[in-house]
Amino acid sequence: MNLADLKVGQRGTITRVNGEDSLALRLMEMGLIEGEVVRLLGTAPMGEPLEFAYRSSRLSLRKQEAVRVEIELVKDST
Amino acid sequence: MRIALIGNPNTGKSTIFSALCGVPTRIGNYPGVTVEKKIGAYRDAQGEVQIIDLPGTYSLAARTLDEQVSVDVLLGRQADIPSLDAVIVVADATNLDRNLYLYSQVRDLGLPTLLVLNMWDRVAQESIEIDLETLKKRLNAIIVTTNAARKMGIEYLRIAIRQAIEAEMDSTPSPLPKPLRERAIEVQQWMATLSVKEIPLPWIERLILDVGNQGLEIFAKNHNLSELPTKITAVRERLAAENCRVPTVETKVRYQWIREILADVVRRPLHEQLTWSDRIDKVVTHRWCGMLLFALVMFVVFQAIYRWAEPAMTLIEWVQAIAGESVCTVVPPGMLRSLLVDGIIAGVGSVMVFLPQILLLFLFIGALEDCGYMARAAFVMDKLMTRLGLSGKSFVPLMSSFACAVPGIMATRTIENRTERFVTILIAPLMSCSARLPVYLLLIGTFVPATTWLGGWVGLQGLTLLFMQSLGALIAVPIAYILRKTFFKGDMPPFVMELPPYKWPSLQVLFFRVWERVLAFITRAGTLIFCTSVIVWAASYFPADRSKIHQLETARENLETELSALPKSERTTDPATLAQIALLDSQIAALASEERVLGGQAIENSFMGYAGHAIEPLVRPLGWDWKIGVGVIASFPAREVIIATMGTIYSLGGEVSEDDQGLRDALVHASWPDGKPVFNFPVALSIMVFFALCAQCAATIMTIQRETNSWKWAIFTFVYMTILAYFGAWTAFLLASNFT
């Protein structure tokens with residue numbers, strides 16, 4: 001499962017970021033690292049990009065970038 | 001004392017800079033690259049402190065030009081900035097985890113480093129607790145908390161800056177793994193055998209860590225180390241074997257370190273809290289509301305620019321008229337008076353009159369940017385922009401180009417992907433910049449009826465302005481598409497963008513931003529436009545013989561003085577006086593009409609007249625006469641010059657009658673030799689379309705050359721836009737002529 005699979009309101013715990021290219025590195029620099037809990041807050045009017053919340057950060061990614069971040073679904077998240 | 005200021009984007013770094021230094025003392029570019037260099041200074045009891053504001057960045061891993069320059073300045077590699085005494089890292093207190101990443105990178109460079117936790121007021125608002133004392137101990141650092149928007153903590157910051165300079169160097173070890181330091185020492189020793197001046201270890205570490213940046217090649221070239229890239233690659237392979245894979249090892253160990261440092265220091269609610277900023281976002285990025293709001297914001301901005309600036313514009317026009325009249329009372333008719341009144345006052349004044357609108361536009365763009373809406377606009381528009389092969393990140397540079405393409409093109413530096421950046425640069429000049437505004441305002445104000453609906457809130461003139469402002473952007477859509485399919489093929493670059501929390505725009509930051517732009521505009525009006533006005537005046541004044549016209553002027557003014565000595569006709573009943581007034585009036589009118597005829601002949605026999613006639617066959621299909629052609633030629637260096645040129649041509653041409661108030665009337669009364677008016681709606685539209693699409697701006701062309709580092713793309717832009725403008729104007733003229 002990855003960040004792009006989340007439904008609005010659901011949370012996931014990051015297990016890893018795939019790849020070692022500059023995109024993977026940028027995602028990690030932005031704090032998307034193993035153990036972080038990320039929630040899908042919403043999407044842009046046309047369905048993309050997605051808006052994620054973790055701690056006090058709000059980050060927007062397209063699905064193409066979001067699939068790089070693997071997660072485990074947090075069960076009781078609505 | 002020389003201090004660098006660095007921080008993640010959206011941490012309030014600019015606000016801290018303004019609070020510390022006020023207006024920057026120097027703004028420019030770093031030599032050879034196009035990263036903005038902003039330097040300010042302040043004095044305290046111990047003397048002057050210079051602050052170098054570095055571009056906002058999440059990391060020192062140099063992938064963009066901005067990051068590269070920041071690293072260079074911090075390492076003392078930037079030739080024009082001597083070594084630093086300390087570095088201030090500005091962090092968003094509510095986002096310590098992510099902000100400490102940059103802090104740990106900066107600290108590893110070995111300079112005295114001061115940590116500022118800005119937006120401290122939000123920490124409590126978001127129910128976060130931070131144990132400052134423990135954090136200070138663990139980081140072994142000086143930490144200042146500020147709320148720069150309210151100027152809180154700035155005095156402490158000044159004191160802390162002094163303390164940081166004098167404090168002992170932080171000796172806590174870098175979180176980077178041991179093997180990296182060992183390899184860096186090896187590289188340093190290898191360089192020493194090649195008698196290269198000793199390079200500090202942090203610098204070598206960054207060369208090893210930053211995979212895929214151009215810094216390495218440049219470094220190798222500058223130090224004559226052609227084997228260095230191979231050497232570094234070997235080092236990276238060896239590090240991978242030692243379980244330190246570059247570059248991912250850096251994020252891994254630094255975030256590990258940050259977690260250890262922040263354990264029990266930052267207590268926050270288990271899950272991220274929905275803030276009022278998120279609630280605003282629910283509306284702003286909503287499926288329908290978001291789009292509607294975006295359209296509404298744009299509509300209000302352009303309507304407001306048109307309406308609110310009116311009183312200030314009237315005032316400037318009035319000052320200009322007074323200045324012209326007072327020169328006339330002192331200087332007798334002749335070349336000097338003509339130069340002063342028709343050349344300088346008319347030329348510069350007609351550009352200055354648009355200052356209020358330009359000020360408003362920059363104010364709106366600055367406020368939207370500072371409050372956080374611009375990032376949402378990029379978020380909302382991204383999907384649309386991807387259809388053109390661009391991203392939401394191109395949106396802000398393109399939006400800024402509505403004020404001026406030069407800062408807009410410069411703002412593309414934040415786009416990491418070259419393809420996307422170049423396409424954005426090439427279409428940015430199509431966005432309707434503030435210099436086009438005067439042309440639209442003049443022609444719309446004169447030739448579009450002032451019909452209004454809904455109690456004056458929606459006006460035809462405002463709608464036409466909105467259309468003209470959008471035209472370039474609409475045309476940019478197919479152009480971007482074509483560019484992405486031809487010269488700039490390639491995959492969609494990634495999109496990673498922070499959405500900062502909404503905040504009230506900082507008035508101080510806003511003020512300085514508007515002030516900078518307005519100053520730049522006035523400087524341009526004072527230099528470039530001043531020179532062009534004088535040159536255009538001279539080209540329209542010489543070589544025709546104007547002595548007869550000046551004689552007529554003197555005669556007419558003598559009669560006018562005589563007339564003004566008499567009582568006003570409505571105040572007297574004396575038949576003799578009335579007869580005399582009528583006689584003088586008719587004599588003055590006769591002289592004025594003779595002046596007009598001679599003036600028209602004189603301008604046709606001037607250098608400008610020759611040039612205009614030469615290109616007339618070319619511009620006739622667009623509905624233009626030779627005078628408009630002259631105006632367009634003269635405005636290729638800077639488009640706003642058209643107004644000044646027209647002002648000069650028409651007042652010199654003698655077509656401005658005694659009761660005319662200004663250029664608008666001159667345009668209405670301009671006529672072809674057969675008496676038909678030159679200007680009507682189709683002609684006005686054709687001129688506006690030409691200006692909307694043409695690259696008439698030397699500054700933009702030079703900026704494109706600098707930013708793309710090639711004349712090829714600069715010339716390409718100029719050529720494609722000029723062709724587009726010509727055929728666009730032609731089409732507009734034909735369509736408008738057939739439908740009106």
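Every chain is numbered from 1, with letters handed out A, B, ... down the list of sequences. Quick note: numbers below take in every heavy atom, side chains included, and nothing from hydrogens, waters or symmetry partners.
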Side chain to side chain contact (heavy atoms under 4.5 Å, CB included) assessment of A:Leu61 paired with B:Val496: CA-CA 5 Å; A:Leu61 303 173; B:Val496 180; 3.8 Å; yes
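- Proximity to chain B (any heavy atom under 4.5 Å) is shown, for A:Glu48, by both the backbone and the side chain.
- Only the side chain of A:Leu23 comes within less than 4.5 Å of a heavy atom of chain B; its backbone N, CA, C and O stay farther away.
- Per-residue heavy-atom pair counts under 4.5 Å with chain A were compared for B:Asp382, B:Val380, B:Thr386, and the maximum is reached by B:Asp382.
- Looking at B:Tyr101, only its side chain comes within 4.5 Å of chain A, counting heavy atoms on both sides.
- Inter-residue side-chain proximity for B:Phe495 and A:Pro49 is flagged as met; some heavy-atom pair is nearer than 4.5 Å.
- For the atom pair A:Met30 CE and B:Ser59 OG, the distance stands at 10.5 Å (nearest 0.5 Å).
- The contact between A:Glu34 and chain B is made entirely by backbone atoms, counting heavy-atom distances below 4.5 Å.
- Counting heavy-atom pairs closer than 4.5 Å to chain B, the top residue among A:Arg68, A:Glu65, A:Met28 is A:Glu65.
- Using a 4.5 Å cut-off between heavy atoms, B:Ile128 contacts chain A through its side chain alone, with no backbone atom that close.
- Looking at B:Lys282, the atoms closer than 4.5 Å to chain A (heavy atoms on both sides) all sit in the side chain, from C-beta outward.
- By the 4.5 Å heavy-atom criterion applied to side chains, B:Asp278 and A:Leu41 are counted as neighbours.
- Atoms CG and OG, on B:Asp210 and A:Ser22 in that order, are 12.0 Å from each other to the nearest 0.5 Å.
- A salt bridge does not link A:Arg58 with B:Glu498: every distance from a Lys NZ or Arg NE/NH1/NH2 to an Asp or Glu carboxylate oxygen is 4.0 Å or more.
- With a threshold of 4.5 angstrom between heavy atoms, B:Arg245 approaches chain A through side-chain atoms but not through N, CA, C or O.
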Test log, rule side chain to side chain contact (heavy atoms under 4.5 Å, CB included), inputs B:Arg98 and A:Leu32: CA-CA 9 Å; B:Arg98 201 190 63 212; A:Leu32 294 176; over 6 Å; no
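- Judged by distance alone, the side chain of B:Tyr255 and the main-chain N or O of A:Gly31 form a donor-acceptor pair under 3.5 Å.
- In this structure, the portion of A:Leu50 lying under 4.5 Å from any heavy atom of chain B is its backbone and not its side chain.
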Side chain to side chain contact (heavy atoms under 4.5 Å, CB included) between A:Leu25 and B:Thr251, intermediate numbers included: CA-CA 7 Å; A:Leu25 207 61; B:Thr251 48; 4.2 Å; yes
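- A:Ser60 places a side-chain N or O within 3.5 Å of a backbone atom of B:Met497 that can act as its donor or acceptor partner.
- Open room surrounds CD on A:Glu72; 12 or fewer heavy atoms of other groups in view lie less than 6.0 Å from it.
- In terms of heavy-atom proximity, A:Pro45 sits nearest to B:Met291 at CB-CG, 4.2 Å.
- Separation of atoms CG (A:Asp21) and OG1 (B:Thr248) is listed at 10.5 Å; rounding is to 0.5 Å.
- Neither the backbone nor the side chain of B:Arg122 comes within contact range of chain A; no heavy atom of the residue lies under 4.5 Å from a heavy atom of that chain.
- Considering all non-hydrogen atoms of both residues, B:Ser391 and A:Arg62 come closest at CB-NH2, 2.9 Å.
- Within 6.0 Å of atom NZ in B:Lys252, 12 or fewer heavy atoms from other residues, nucleotides or ligands are found, so the atom counts as exposed in its surroundings.
- A pairwise comparison of heavy atoms in A:Glu29 and B:Ala61 identifies OE2-CB, 3.5 Å as the closest pair.
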Derivation of the side chain to side chain contact (heavy atoms under 4.5 Å, CB included) call for A:Arg55 and B:Leu96: CA-CA 10 Å; A:Arg55 309 205 178 209; B:Leu96 260 188; over 6 Å; no
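- Residue contact with chain A, scored on non-hydrogen atoms closer than 4.5 Å, is absent for B:Asn10.
- Ranked by heavy-atom pairs under 4.5 Å with chain B, the first of A:Thr43, A:Leu27, A:Val17 is A:Thr43.
- To the nearest 0.5 Å, atom CD of residue B:Gln256 and atom CD1 of residue A:Ile33 are 8.5 Å apart.
- Distance alone, capped at 3.5 Å, places no donor-acceptor pair between the A:Ser56 side chain and the B:Asn95 backbone.
- With a 4.5 angstrom heavy-atom cutoff, A:Gln64 touches chain B only via side-chain atoms.
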